[in-house]
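Accompanying notes for the structure given below.
Keep in mind the model is a prediction, meaning the values are calculated, not measured.
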Amino acid sequence: CLDPRSGRAVVLLSCPAGRRLPIWLADDDASAVQAALDGHALRGPHRLLHQVIVSLRGTVTAAVIRALSGGVYVADLVLNHASSETVLSARASDAVAVALYAGAPIRCDEQLLDKVSARVAEAARRERDTRDALSVGAEEVYQTAGERWHALIAHLEGESAKGHYDA
């Protein structure tokens, strides 16, 4: 789906108990996810990764979204090769695209899901409160999509995260 505020693509993973995990995507990642959902061949680096896995007689068994670091969800792409498990660290968007294409499940760390769900609910409450306060005669305040995104990520990470994830 598209984020109505920024126009960016968002994968909204539905999890148990009605919880959802939003993952904002760059255009190329959104195209890969949509291609995988539609059953079309992957392109670019996602296709290359999948071809390497298959050519080495491996299979994708799961994508596990495990952390949020520097504004990027970090995931593990779990592979099976010769009866042993191999785990590749990846951006969540890459792991999701490859797992969808391979027909593998997508999972999320429970603690991360709890943290993000609580912070998304809090951010939505604050946005409603702000909108309500502004509608009482105050001038409307505008933020760019980038400002809203950085504010949401800072809120999701508890405003103390300083690290960056290097894939």
Under 3.5 Å: donor-acceptor pair, side chain of Y73, backbone of L21
no

Hey, does R91 have a side-chain heavy atom less than 4.5 Å from the side chain of V96?
no

Donor-acceptor pair, distance only, cut-off 3.5 Å: does the side chain of H50 make one with the backbone of A102?
no

Only residue of V72, V11, V10 satisfying side chain to side chain contact (heavy atoms under 4.5 Å, CB included) with W24 is V10

Please check if V64 and L68 belong to a single hydrophobic cluster, counting links between Ile, Leu, Val, Met, Phe, Trp and Tyr side chain heavy atoms closer than 4.5 Å.
no

Are V74 and S89 close enough that some pair of their side-chain heavy atoms sits under 4.5 Å apart?
yes

Nearest-0.5 Å distance that lies between atom OG1 in T61 and atom CG in N80
6.0 Å

What heavy-atom pair brings A35 and A41 nearest, and what distance separates the two atoms?
CB-O, 4.0 Å

Membership question, hydrophobic clusters at under 4.5 Å side-chain separation (ILVMFWY): are L113 and I23 in the same one?
yes

Starting from L88, can I reach V33 by hopping between I/L/V/M/F/W/Y residues whose side chains sit under 4.5 Å apart?
no

Do V87 and L77 touch side chain to side chain, with heavy atoms closer than 4.5 Å?
no

Is there a side-chain contact between V116 and P22 in this structure, where contact means two heavy atoms from C-beta onward sitting under 4.5 Å apart?
yes

Is V60 close to V78 at the side-chain level, that is, under 4.5 Å between some pair of heavy atoms?
no

Atom CG in L13, atom CZ in R107: separation rounded to 0.5 Å?
13.0 Å

Check whether T86 reaches the backbone of L79 with its side chain - one donor and one acceptor, N or O, closer than 3.5 Å.
no

Which heavy atom in D76 sits nearest to a heavy atom in R66, and how many Å separate them?
OD1-NE, 2.8 Å

If you look at every heavy atom in A63 and A99, which pair is closest and at what distance?
CB-CB, 3.7 Å

Please assess D109 against I65 for the test side chain to side chain contact (heavy atoms under 4.5 Å, CB included), listing each intermediate value before the final yes or no.
CA-CA 6 Å; D109 177 86; I65 300 161; over 6 Å; no

